[in-house]
Amino acid sequence: MNKNNYVAIMAGGVGSRFWPGSRESRPKQFLDILGVGKSLLRTTYERFLPLILPENILIVTHEMYRDLVKSQIPELTDGQILCEPSRNNTAPSVAYTALKLTDLNPSANFVMAPSDHVVLKESIFLACIQTALIYTEQNDALLTLGIQPSRADTGYGYIRYKKGQKDGATEVVFPVVQFTEKPDLERAKSFIASGEYLWNAGIFIWKAKDILRAFQQYAPDIYEILEKGKGSYNQAGETAFIQTHYPTTRPVSIDYAIMEQAKNVFTIPSDFGWSDLGTWASLHAEGDKDEQGNFRSGGQCLLHDVGNSLIRTQTEKLTVIRGLEDYIVIDEKDVLLIYPKSKEQDVKKVTETLKSVDELKNYL
């Protein structure tokens, strides 16, 4: 394995659209959402082990989840867990990671990947990552894996790429023309019809020095704040520096801060059975279903005239349901959610309501 290759797994989100399964104290990346006996975070960590040295895998998370990370991946050292004191979106996370890695290894070449995605074809995924790491090692390139779209979906960002301009060395790397965040349905349909767009999976690959150069050019405010920590990264003073300075960085995504502006952006069109598991409906779409199209996990269920639904129940409880079509039923010990699957984007609005009512905040 190449000792210059690293992976940083982003595991700091709250996952509010997976409420009430996902809570602020234990978000979805720490849950066994798929019913496979391990959390999404643990699954993501293990996914990279055939390609990346265990000591070169970092977890970027909120400081309140440090103990959760350590309990689920006890192999990690404290230095492999980057704890953010505030949620400032992905751009500051990337800058912090790149500065820390540059201090460790000036030749660091790394993957920035979410912790809560599904990958069904892992061998193809790893082949794409390997190709990407080789390309970024040899080129000044900011590279993203683009997913071949299967439908006009308004929940994803889109990447327009120069389909006819393969890179001669790899035959699979293409220049990116434009990023578009979550278009409306008509635009999404036109994107799919053109054949020039991919879904943005939020999986990025680059050399640490190349992405830092991009920050200096396109987001100098973030770079200048975190660059002041040089000399403290990977030392005893790192935590104190980050606690003080990280919350002052501008909260912005890496897509807006860098990828939409940079000129050296490339993509690898990919198809490895990907889902971002952003919502209960996406879990229903990816999970194993019965003959009536129901995805079930948890305890015993007696279902009558129930179809195309997601049923997640308590293991110690028998659940009996009749006459539901296209619904989400989530039974947690303190919350029962019964919601039309077609309206599931509104689940996030429910959590916003809970935040505004003092006596309901403990259900978040």
Side-chain angles (χ1 to χ4, degrees), residues 9-35 39-41 43-44 61-62 64-65 68 87-90 93 113-119 147 149-158 181-185 188 199-203 251 253-256 274-287 289 294-298 308-313 324 326-357 360-364:
I9 300 171
M10 296 176 284
V14 177
S16 58
R17 288 181 293 175
F18 261 93
W19 184 87
S22 180
R23 307 292 182 93
E24 187 168 351
S25 61
R26 196 177 184 87
K28 67 171 179 174
Q29 61 268 27
F30 300 106
L31 304 178
D32 179 14
I33 289 287
L34 296 172
S39 71
L40 293 171
L41 174 62
T43 301
T44 303
T61 190
H62 192 275
M64 70 185 295
Y65 304 136
L68 269 174
R87 292 188 173 93
N88 287 23
N89 216 315
T90 52
S93 297
S115 59
D116 53 1
H117 290 187
V118 168
V119 172
I147 305 300
S150 59
R151 61 189 181 277
D153 197 306
T154 60
Y156 298 140
Y158 284 75
E181 271 300 299
K182 298 179 180 179
D184 59 36
L185 184 58
W199 284 338
N200 181 8
I203 302 171
S253 72
I254 191 67
D255 302 80
Y256 284 123
W274 171 87
S275 171
D276 72 344
L277 278 191
T279 62
W280 290 115
S282 62
L283 174 59
H284 177 267
E286 297 298 331
K289 293 175 277 292
N294 298 312
F295 173 88
R296 291 186 281 177
S297 66
N308 298 313
S309 296
L310 183 145
I311 316 291
R312 179 182 171 93
T313 61
L324 286 184
D326 205 36
Y327 261 75
I328 299 165
V329 179
I330 309 297
D331 184 12
E332 298 292 321
K333 290 183 177 179
D334 59 341
V335 176
L336 172 63
L337 175 76
I338 305 174
Y339 225 79
K341 188 145 59 67
S342 62
K343 303 289 186 182
E344 58 137 12
Q345 293 288 346
D346 292 342
V347 170
K348 189 172 183 178
K349 296 179 183 177
V350 175
T351 64
E352 295 299 321
T353 300
L354 298 182
K355 289 178 184 178
S356 66
V357 182
L360 298 179
K361 288 181 179 178
N362 60 312
Y363 292 108
L364 289 170

**Complete:** Residue set satisfying side-chain contact (heavy atoms from CB on, under 4.5 Å) with Ser16, at least two apart, ordered chain then number -> Lys348, Thr351
**Prompt:** Do you know which two heavy atoms are closest between Lys182 and Thr154, and how far apart they sit?
**Reply:** CB-O, 3.5 Å
**Message:** Looking at Lys349, I want to see if its NZ is surrounded by more than 12 non-hydrogen atoms of other residues, nucleotides or ligands under 6.0 Å.
**Reply:** no
**Request:** To the nearest 0.5 Å, tell me how far Asp116 CG sits from Thr43 OG1.
**Result:** 11.5 Å
**Message:** So His117 and Leu277, do their side chains get closer than 4.5 Å, heavy atoms only?
**Reply:** no
**Request:** To the nearest 0.5 angstrom, please state how far the OH atom of Tyr327 sits from the NZ atom of Lys343.
**Result:** 10.5 Å
**Prompt:** Do Asp276 and Pro114 come close enough that some side-chain heavy atom pair is under 4.5 Å?
**Reply:** no
**Item:** side-chain hydrogen bond (donor to acceptor under 3.5 Å, both in side chains) partners of Lys355, counting only residues at least two apart
**Value:** Glu352
**Prompt:** Residues in side-chain hydrogen bond (donor to acceptor under 3.5 Å, both in side chains) with Arg23, at least two apart?
**Reply:** Asp334
**Message:** What's the separation between atom OG in Ser297 and atom CD1 in Ile33, rounded to the nearest 0.5 Å?
**Reply:** 8.0 Å
**Prompt:** Is a side-chain N or O of Glu344 found less than 3.5 angstrom from the main chain of Ala281, in a donor-acceptor match?
**Reply:** yes
**Message:** Tell me whether the rings of Trp199 and Trp274 are parallel (<30°), tilted (30 to 60°) or perpendicular (>60°).
**Reply:** tilted
**From NZ (Lys361) to OG (Ser356), nearest 0.5 Å** = 8.0 Å
**Request:** Can you sort out the partners of Asn88 under side-chain hydrogen bond (donor to acceptor under 3.5 Å, both in side chains), two or more places apart, ordered by chain and number?
**Result:** Ser86, Thr249
**Prompt:** Heavy atoms, side chains only, cut-off 4.5 Å: are Leu283 and Leu310 in contact?
**Reply:** yes
**Nearest heavy-atom neighbours spanning Ala11 and Ser115** = CA-OG, 3.5 Å
**Message:** If you count heavy atoms of other groups shown closer than 6.0 angstrom to OH of Tyr339, is the number above 12?
**Reply:** yes
**Prompt:** Does the side-chain contact (heavy atoms from CB on, under 4.5 Å) test come out yes or no for Asn89 and Ser253, once each step is laid out?
**Reply:** CA-CA 5 Å; Asn89 216 315; Ser253 72; 3.6 Å; yes
**Item:** Whether Gln29 side chain and Gly13 backbone form a donor-acceptor pair below 3.5 Å
**Value:** yes
**Asked** Sub-3.5 Å donor-acceptor pair from the side chain of Arg87 to the main-chain atoms of Gly12, do we have one?
**Response** yes
**Message:** Closer than 3.5 angstrom, by distance alone: can the side chain of Ser22 be matched with the main-chain N or O of Trp19 as a donor-acceptor pair?
**Reply:** no
**Request:** Supply the atom-to-atom distance Ser309 OG to Arg296 CZ, rounded to the nearest 0.5 angstrom.
**Result:** 11.0 Å
**Complete:** Interatomic distance, OH@Tyr158 vs CD1@Ile147, rounded to 0.5 Å, equals 12.5 Å
**Message:** Tell me the closest heavy-atom pair linking Trp280 and Gly21, and the distance in Å.
**Reply:** CZ2-N, 3.9 Å
**Fill in**
Heavy-atom nearest pair, Asp255 first then Asn200, reads OD2-ND2, 2.7 Å
**Request:** Check Thr279 against Arg17 and note the closest heavy-atom contact, atom names and distance.
**Result:** CG2-NH1, 3.8 Å
**Item:** Derivation of the ring-ring contact (aromatic ring centres under 6.0 Å, His included) call for Phe30 and Tyr65
**Value:** CA-CA 9 Å; Phe30 300 106; Tyr65 304 136; 5.4 Å; yes
**Asked** Do you know which two heavy atoms are closest between Ile203 and Ala113, and how far apart they sit?
**Response** CG2-CB, 4.5 Å
**Prompt:** Excluding sequence neighbours, so at least two apart, what forms side-chain hydrogen bond (donor to acceptor under 3.5 Å, both in side chains) with Thr61?
**Reply:** none
**Message:** Looking at Asn308, is its backbone amide N or carbonyl O close enough to the side chain of Asn294 to form a donor-acceptor pair, meaning the two atoms are under 3.5 Å apart?
**Reply:** yes
**Request:** Take Val329 and Leu324 through the test side-chain contact (heavy atoms from CB on, under 4.5 Å) and record every step on the way to the result.
**Result:** CA-CA 10 Å; Val329 179; Leu324 286 184; 3.8 Å; yes
**Side chain Asp326, main chain Lys341, donor-acceptor under 3.5 Å** = no
**Request:** Could you tell me whether a side-chain N or O of Lys289 sits under 3.5 Å from a main-chain N or O of His284, the two making a donor and an acceptor?
**Result:** yes
**Item:** Flag, side chain of Thr90 to backbone of Ile254, donor-acceptor distance under 3.5 Å
**Value:** yes
**Message:** Could you tell me if the side chain of Ile330 sits less than 4.5 Å from the side chain of Leu336, heavy atoms only?
**Reply:** no
**Asked** Taking only residues two or more places apart in sequence or in another chain, which ones pass salt bridge (charged side-chain N to carboxylate O under 4.0 Å, His left out) with Asp331?
**Response** Lys317
**Prompt:** So do Leu34 and Leu40 actually touch side chain to side chain, heavy atoms under 4.5 Å?
**Reply:** yes
